[in-house]
Every structure is written in structure tokens, then in C-alpha cells.
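Here it is, the structure in full.
Keep in mind that what you see is a predicted model, and the values were worked out from it rather than measured. What's counted below: heavy atoms across the whole structure, side chains too, no hydrogens, waters or symmetry copies.
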Amino acid sequence: MEGNGGLSNFIQRCKPYIAMISLQFGYAGMNIITKVSLNRGMSHYVLVVYRHAFAAAVIAPFALILERKVRPKITLPIFLQLFVLGLLGPVIDQNFYYAGLKFTSPTFSCAMSNMLPAMTFVMAVLCRMEKVDMKKVRCQAKVVGTVVTVAGAMFMTLYKGPVVEMVWSNYIHPHKTYAAENSGNSDKDWVKGSILLIIATLAWASFFILQAITMRRYPAHLSLTTIVCFLGTLQSIAVTFVMEHKPSAWTIGFDMNLLAAAYAGIVSSGMAYYVQGLVMQKRGPVFVTAFSPLMMIIVAIMGSFILAEKIFLGGIIGAVLIVAGLYSVLWGKYKEYKEKEVETIPEAIKSAGENGRMNTVMEETEEDNDIEMQKNQANTPSTPADVKSLS
């Protein structure tokens with residue numbers, strides 16, 4: 001019995017880690033598929049519309065059925081928060097990220113997005129969702145881990161070094177390389193793509209912070225995901241009408257464009273928003289974003305397989321630094337989580353003891369009051385005859 005209980009507790013502790021690692025594989029697949037679709041000429045504005053339309057359509061039935069009794073009422077402040085979430089995530093983040101991805105490459109885009117943990121950590125501190133006490137080792141680990149993670153991402157971006165030939169590269173793509181296709185990109189487009197990716201990452205970090213705040217007042221995760229995706233779809237349609245003037249841009253068939261929209265909508269928007277919300281409620285936004293560096297490593301490997309993207313020595317060194325920083329942040333978050341667990345138990349025992357002591361005092365007081373009332377009733381005459389006999 002004790003063994004089963006220990007195994008159950010171990011599985012419960014591992015669930016957030018497994019969920020976030022699985023999401024990184026989902027995001028990596030989205031980057032590869034989306035890059036292929038964008039290279040074939042699909043408008044990223046239209047892709048964002050279809051992506052969140054798919055997400056809202058898939059999640060809505062589950063929200064209506066599973067949360068019909070627990071769904072809170074939407075007030076004006078909550079609606080405004082949901083509206084801003086739809087603007088930050090589906091509109092600003094996705095459009096700027098896809099535009100940056102179009103100007104650069106999947107691995108570079110993922111490397112730039114690795115600033116997400118640092119941005120989220122700083123914003124969480126500013127919003128007083130994270131407390132930084134540099135006297136504690138766990139806080140030092142989170143700060144150092146964030147700096148190392150960003151340094152690794154920047155090192156990977158700025159220093160390429162020699163090409164590292166993978167064992168499978170010569171067999172899968174013996175003649176054609178994806179990097180050669182991008183060699184004609186100008187430095188101007190590369191810088192433009194970098195700026196777009198930085199703006200997208202800032203919007204993504206803001207989305208995480210606001211999502212954590214909104215979930216305190218609107219804890220229905222599926223309904224929140226559906227509403228955000230639906231509002232994001234409407235907002236994206238308005239943006240697309242302004243930016244895309246060709247009706248042919250909306251055309252989509254049974255091809256890679258449909259796969260990119262469906263995959264991104266169901267996996268990267270619908271499932272991701274829901275899973276992130278569940279994990280964020282237990283571990284906070286910094287824990288969720290700390291896993292994003294893994295996506296870059298997965299994309300680099302998948303890109304070399306599928307897109308024949310070259311892997312450079314600088315990328316490998318940067319990836320090592322990113323993983324080291326990632327584990328430093330996670331170690332700090334784990335220690336913080338364990339400290340909160342330890343603090344919760346004595347408080348519960350203390351409150352239980354105080355309640356028990358209070359109940360005992362109240363019982364003793366009630367007994368004393370009963371005795372006094374009995375004495376008063378015995379000494380006080382109750383009828384006129386009694387009063388006359390006493391006189």
C-alpha cells in the first residue's frame with residue numbers, strides 16, 4: 001500500500017514536467033510545418049485566423065459539456081482581460097512570430113524565443129507574482145539560470161562556427177541543404193526578422209502573466225481557452241482584412257496549408273493554452289516558460305532531418321548552456337515549491353490546534369453559564385406566592 005502511494009505521489013509530481021516537455025515537441029512540429037507552409041506562399045495573417053478558428057471549434061464542445069456547472073459569470077473586467085488575452089496571444093504574438101519565422105529560420109526563431117523565461121521572470125517580479133530574495137539559494141539559482149539561458153540563446157544566434165555534420169545528413173539530404181536556400185536572405189531581412197521575434201516574445205510573456213491573473217477570477221480553463229481563441233479569431237479577421245487585399249489569400253485546400261492551420265490550431269493553440277493554464281495554476285508562469293529552450297533543441301534536430309537545416313558548433317554550445325540554465329531555473333522552482341509545501345503543513349496543524357483550543361474554551365464557558373443560570377433560577381422567586389412567603 002505504501003509503495004502504491006509513493007508511486008502515485010511520484011506520478012503526480014512528474015505530471016507538470018511531462019506535460020510541458022510534450023508541449024515543446026508539439027511546438028517544434030508546428031515550427032517545421034508552418035515554415036514549409038509559409039515558404040509555399042501562405043499568408044501568415046490568414047494562417048493565424050484559420051489556426052484559432054480550428055482551436056475554438058475543437059475546444060468549444062468540451063467547454064460546453066464539461067464546464068456547464070462550474071463556468072463563472074463573465075463580468076466586464078473579466079471580458080476586458082479575455083479581450084486583451086486574445087489580442088496578445090493570437091494576434092500580436094502569432095503574427096509577429098510567423099513574420100519573423102518567414103524572414104529567418106525555425107532554429108533561429110526558437111533561439112530568439114528563448115528570451116521568454118527571462119522576460120516572464122522579470123515581468124512576474126514586477127507584478128509581484130515572483131519574490132526575489134538573493135539571500136536564498138533558490139532565488140540565486142533562478143536568476144543565474146535565467147541569465148545563462150538567455151546567454152546560451154544569444155551565443156547560438158551570434159556565433160555559428162563550423163558546420164557539424166550529423167550522421168544522418170549525408171544519407172537523408174546528400175545534395176540539397178535547406179541552409180543554402182536561405183543564403184540569399186539579406187542582413188536587413190534578418191535584422192527585421194529578429195526585431196519581429198523579440199516583439200512576439202514580449203507579447204507571449206505578457207500573455208502568460210495576464211493568463212495567470214485572469215485564471216484566478218475565471219478558473220474554467222476550457223471555457224477560457226475557447227473564448228480567447230474565438231476573440232483572437234475575430235481580431236485576426238479584422239487585421240487580415242486590413243493587411244491582405246487579395247481574396248485568393250483566403251483560399252485553402254487539402255494540402256500543407258490546411259495541415260499547418262489544423263495542427264497549429266488544435267495542438268499549439270487549443271491543447272497548449274489549456275495545458276499551460278493547468279500547469280500555471282499549480283507552478284506559476286515562470287515554470288511554464290522555463291521549458292521553452294527545449295523547443296529549440298528539438299527544432300534543430302527535426303530541421304536537420306526534414307528541412308536539411310545545417311547545425312553549427314555555436315548552436316550545440318548554446319544548446320548546452322540553455323539546458324544548464326533551464327535546470328537551474330527548474331531547481332530553484334522545485335525548492336520553492338517544496339518550501340511552500342512544508343510551510344502549509346504547520347499552518348494547518350496550528351489552525352487546527354487553535355480551533356480545538358477555542359472549541360474547548362467555548363464549551364467551558366457554556367458550562368459555566370449553565371451553572372450560573374441554574375443558581376439564579378434557584379434563588380429567584382418565580383411566582384407571587386413565593387414572593388409573599390418570602391416576605
Side-chain angles (χ1 to χ4, degrees), residues 23 27 44-60 63 67 71-100 113 115-130 195-243 264-265 268-281 284-289 292:
L23 276 186
Y27 280 134
H44 63 84
Y45 297 106
V46 176
L47 178 59
V48 171
V49 173
Y50 286 134
R51 167 179 175 168
H52 291 92
F54 271 109
V58 170
I59 300 296
E67 294 181 346
R71 189 182 304 110
K73 184 179 179 181
I74 299 179
T75 60
L76 181 59
I78 294 177
F79 176 79
L80 292 177
Q81 289 180 355
L82 295 173
F83 184 86
V84 176
L85 282 174
L87 189 64
L88 288 173
V91 180
I92 299 177
D93 170 40
Q94 297 303 319
N95 278 298
F96 279 87
Y97 185 83
Y98 285 154
S113 66
M115 293 183 296
L116 180 63
M119 288 185 178
T120 307
F121 179 73
V122 173
M123 293 181 69
V125 172
L126 295 176
C127 295
R128 297 182 179 180
M129 300 176 67
E130 289 278 337
I195 295 174
L196 292 172
L197 291 171
I198 291 173
I199 296 173
T201 306
L202 180 61
W204 197 3
S206 304
F207 178 87
F208 277 123
I209 298 298
L210 184 58
Q211 185 184 24
I213 296 173
T214 306
M215 282 170 46
R216 298 172 185 171
R217 306 175 64 181
Y218 196 84
H221 307 290
L222 290 172
S223 300
L224 186 144
T225 302
T226 303
I227 296 171
V228 170
C229 291
F230 178 72
L231 292 176
T233 302
L234 297 180
Q235 295 167 355
S236 299
I237 290 174
V239 173
T240 306
F241 277 135
V242 174
M243 302 302 297
S268 300
S269 288
M271 293 177 60
Y273 290 168
Y274 176 66
V275 173
Q276 286 170 1
L278 291 178
V279 177
M280 194 182 303
Q281 194 174 35
V286 176
F287 180 88
V288 173
T289 57
S292 61

How many angstroms lie between atom CD1 of Ile92 and atom CD1 of Ile199, to the nearest 0.5 angstrom? 9.5 Å

Does Leu197 form a side chain to side chain contact (heavy atoms under 4.5 Å, CB included) with Phe96? I'd like the steps, not just the answer. CA-CA 6 Å; Leu197 291 171; Phe96 279 87; over 6 Å; no

Which distance, rounded to the nearest 0.5 Å, do you find between the OG1 of Thr225 and the CG of Leu278? 8.0 Å

Worked check of side chain to side chain contact (heavy atoms under 4.5 Å, CB included) between Phe287 and Met280: CA-CA 7 Å; Phe287 180 88; Met280 194 182 303; over 6 Å; no

Drop me the distance from Gln94's CD to Arg51's CZ, to the nearest 0.5 angstrom. 3.5 Å

What's the shortest heavy-atom distance between Asn95 and Val91, and which atoms? ND2-O, 2.8 Å

Heavy-atom pair with the smallest gap, counting every atom of Thr233 and Val49: CG2-O, 4.0 Å

Do Ile74 and Ile227 have side chains that get closer than 4.5 Å, going by heavy atoms? yes

Can you check side chain to side chain contact (heavy atoms under 4.5 Å, CB included) on Gln276 and Phe208, steps first, answer last? CA-CA 9 Å; Gln276 286 170 1; Phe208 277 123; 3.2 Å; yes

Value for CG (Asp93) from OG (Ser206), rounded to nearest 0.5 Å, stands at 9.5 Å

Over all atoms of both residues, closest heavy-atom pair of Pro90 and Val48: O-CG1, 3.0 Å

Taking atom CD of Gln81 and atom OG1 of Thr214, what is their separation to the nearest 0.5 Å? 4.0 Å

Rounded to the nearest 0.5 Å, what separates atom CD1 in Ile78 from atom CG in Leu85? 11.5 Å

Does some side-chain heavy atom of Pro219 sit less than 4.5 Å from a side-chain heavy atom of Pro72? yes

For Tyr98 and Ala264, the nearest pair of non-hydrogen atoms, with its separation, is OH-CB, 4.0 Å

Indicate the atoms forming the closest heavy-atom contact of Ala99 with Leu196, along with that distance. CB-CD1, 3.6 Å

Do Glu67 side-chain atoms and His221 backbone N/O form a donor-acceptor pair below 3.5 Å? yes

For Gln235 and Phe83, indicate whether the former's side chain and the latter's backbone hold a donor-acceptor pair under 3.5 Å. yes

In short, Arg71 meets Ala220 closest at the heavy-atom pair CA-CB, 4.3 Å

Determine whether more than 12 heavy atoms belonging to other residues, nucleotides or ligands lie under 6.0 Å from atom OH of Tyr50. yes

